[in-house]
Amino acid sequence: MPDERSAFASFERKWLDANPEQSAVLVFLPPAQRDCARAFGSLIHELTQTAFGVRETQVAIAKLHWWQQELTGAAAGNPRHPISRELFRGSRVAAIESDLWRALTEGAIAQLDASSPATFDQLLASLSGFFGPVASIETRLVENGASQTDAIAQLWTCAHLMHSVEDLSQFADRATLPLDLLARHDASRAEMLEPSVKQAAVLTDFIERIRDTITKNQRLSTQASLGTRVRARVDRWLVDHAVRADDPAQYLSRHARNLRWRSLWWAWREARSLTTRSAIPK
């Protein structure tokens with residue numbers, strides 16, 4: 001058991017390093033929800049890193065197919081990976097049908113062959129193939145129903161896009177930028193790899209679209225998990241400041257990991273809000 005928990009802890013650390021605001025979120029979750037959030041967050045981080053961060057497509061496909069088999073086996077009561085063992089301890093997770101886990105991994109695999117989006121809306125639609133199942137599973141885990149799944153999926157998508165802007169090498173390599181945005185600024189993807197006035201203009205335009213999407217879907221996702229709600233607050237604060245920076249990418253890379261106390265404050269406020277709403281009679 002100690003070795004198993006130690007193995008899981010290494011994956012959890014990678015997730016928290018990439019999403020430091022979630023450390024504050026975990027403080028305000030009951031123990032059972034905390035364990036589930038840690039494991040689910042670690043799983044989605046592993047799938048995201050594979051689908052968007054592994055440059056060798058065949059390697060990514062092999063890893064995602066392995067995860068597909070692993071999650072199918074875990075849903076049938078035979079988890080093997082440390083993340084799966086931790087995640088499938090919970091009764092809510094065990095009750096999720098295997099088709100939804102398959103949809104999650106198939107959505108990740110589909111990102112490997114995604115074509116360059118023509119517009120920002122097409123970009124969101126393409127990414128929904130993965131983040132849609134992510135949001136569907138999240139709503140099952142927090143037992144808040146599926147009426148807000150689309151809005152929750154868009155908040156997950158925006159969080160992913162914010163991470164992409166922070167890492168411009170990955171950002172350009174995965175063809176995230178919409179073609180109409182590049183055309184509007186007479187820019188190429190190669191020009192996005194080096195700081196310049198043109199790069200700043202393109203990213204500012206792009207980040208403004210992310211900000212609008214976050215703002216809209218924050219209002220529509222009152223039933224999202226505490227982790228998603230706090231991440232949306234972090235992203236909204238970052239984009240509000242990054243759009244006014246001379247170098248948006250540099251601003252995000254400097255400040256995205258340095259919001260510990262703000263994250264703690266937002267987590268406390270969101271946890272208090274969720275508690276208040278749950279106490280109101282239906």
Side-chain angles (χ1 to χ4, degrees), residues 15 18-19 21-22 25 36-37 39-54 60 63-64 67-68 71 83 87 93 96 99-117 119-142 144-167 170-171 174-178 206-207 209-236 238-239:
W15 166 58
N19 303 274
E21 77 287 343
Q22 297 303 317
V25 171
C36 184
F40 184 62
S42 299
L43 171 65
I44 301 307
H45 179 70
E46 289 299 310
L47 296 179
T48 301
Q49 287 299 105
T50 303
F52 300 100
V54 176
K63 291 184 69 174
L64 291 172
W67 270 112
Q68 188 169 77
L71 292 174
I83 292 177
L87 180 61
V93 178
I96 295 175
D99 285 350
L100 194 48
W101 296 111
R102 175 172 287 275
L104 176 68
T105 50
E106 287 180 347
I109 293 169
Q111 303 308 311
L112 301 174
D113 295 323
S115 58
S116 299
T119 65
F120 186 80
D121 287 341
Q122 285 188 12
L123 172 61
L124 293 180
S126 175
L127 291 170
S128 70
F130 175 58
F131 291 106
V134 171
S136 294
I137 294 172
E138 176 185 298
T139 59
R140 296 282 294 272
L141 296 181
V142 298
N144 282 334
S147 62
Q148 299 181 352
T149 298
D150 289 345
I152 293 170
Q154 294 218 353
L155 291 180
W156 273 92
T157 301
C158 287
H160 165 70
L161 293 177
M162 293 292 289
H163 279 306
S164 296
V165 177
E166 293 167 31
D167 183 357
Q170 176 177 314
F171 177 66
R174 285 301 186 194
T176 301
L177 283 168
F206 186 66
I207 291 169
R209 293 300 306 273
I210 296 175
R211 178 180 61 186
D212 293 343
T213 305
I214 294 172
T215 302
K216 172 187 174 182
N217 289 288
Q218 276 182 302
R219 296 193 299 266
L220 298 174
S221 56
T222 56
Q223 297 177 352
S225 72
L226 181 61
T228 296
R229 291 170 64 84
V230 173
R231 177 67 209 187
R233 277 185 172 261
V234 169
D235 288 341
R236 177 59 194 272
L238 287 169
V239 295

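Basis for what follows: all heavy atoms, side chains included, without hydrogens, waters or symmetry-related copies. What you see is a predicted model; the values in this text were computed from it and never measured.
Formation of a donor-acceptor pair under 3.5 Å by the Thr48 side chain with backbone atoms of His45 is not found in this model. Gln148 contributes a side-chain N or O that, together with a main-chain N or O of Gln223, makes up a donor-acceptor pair within less than 3.5 Å. The backbone N or O of Ser42 sits nowhere less than 3.5 Å from a side-chain atom of Glu46 that would complete a donor-acceptor pair. Judged by distance alone, the side chain of Ser126 and the main-chain N or O of Gln122 form no donor-acceptor pair under 3.5 Å.
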**OP:** Please test Phe130 against Leu47 for side-chain contact (heavy atoms from CB on, under 4.5 Å), starting from the C-alpha separation and ending with a verdict.
**Re:** CA-CA 10 Å; Phe130 175 58; Leu47 296 179; 4.0 Å; yes
**OP:** Go through the steps for Ile137 and Leu104 under the test side-chain contact (heavy atoms from CB on, under 4.5 Å), then give the verdict.
**Re:** CA-CA 9 Å; Ile137 294 172; Leu104 176 68; 4.0 Å; yes
Subject >> side-chain contact (heavy atoms from CB on, under 4.5 Å) between Ile214 and Arg209, worked out >> reply: CA-CA 9 Å; Ile214 294 172; Arg209 293 300 306 273; over 6 Å; no
**OP:** Quick one: do Ile109 and Leu64 satisfy side-chain contact (heavy atoms from CB on, under 4.5 Å)? Show the steps, please.
**Re:** CA-CA 7 Å; Ile109 293 169; Leu64 291 172; 3.6 Å; yes
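Counting heavy atoms from C-beta on, the side chains of Leu43 and Leu71 come closer than 4.5 Å. Between Trp156 and Ile44, some side-chain heavy-atom pair lies under the 4.5 Å cut-off. Contact annotation: the side chain of Leu141 approaches that of Ile96 to within less than 4.5 Å [non-hydrogen atoms, C-beta and beyond]. In this structure, His163 and Asn19 have side chains that are in contact, with non-hydrogen atoms separated by less than 4.5 Å. The shortest distance between side-chain heavy atoms of Ser128 and Thr157 does not fall below 4.5 Å. Annotation: side chain of Gln49 is not in contact with side chain of Val54 (no heavy-atom distance under 4.5 Å). Residues Phe206 and Leu123 are in side-chain contact: their nearest non-hydrogen atoms beyond the backbone lie under 4.5 Å apart. Between Leu238 and Arg236 there is no side-chain heavy-atom pair separated by less than 4.5 Å.
Under a 4.0 Å N-O distance rule, the pair Lys216/Asp212 does not qualify as a salt bridge.
Inspection of the Arg229 and Ser221 side chains reveals no N or O donor paired with an N or O acceptor under 3.5 Å. A side-chain donor from one of Thr228 and Glu138 sits under 3.5 Å from a side-chain acceptor of the other.
Leu100 and Ser136 make their closest contact through CD1-CB, 4.0 Å (heavy atoms, listed as atom of the first residue, atom of the second, distance). Looking at every heavy atom in both residues, Ala51 comes nearest to Ala108 through CB-O, 3.7 Å. Scanning both residues, Val142 and Ser225, for their nearest heavy atoms gives CG1-CB, 3.8 Å. Taking all atoms of both residues into account, the shortest heavy-atom contact from Thr213 to Cys158 is CG2-SG, 3.5 Å. Across all their heavy atoms, Thr50 and Leu112 have their closest contact at O-CD2, 4.4 Å. Shortest non-hydrogen contact noted between Gly132 and Thr149 is O-CG2, 4.1 Å.
Considering CG of Leu124 and CG of Leu161, their distance stands at 7.0 Å, rounded to 0.5 Å.
Between Trp101 and Phe40, the ring planes lie perpendicular to each other; the angle is over 60°, past the 30° to 60° tilted range.
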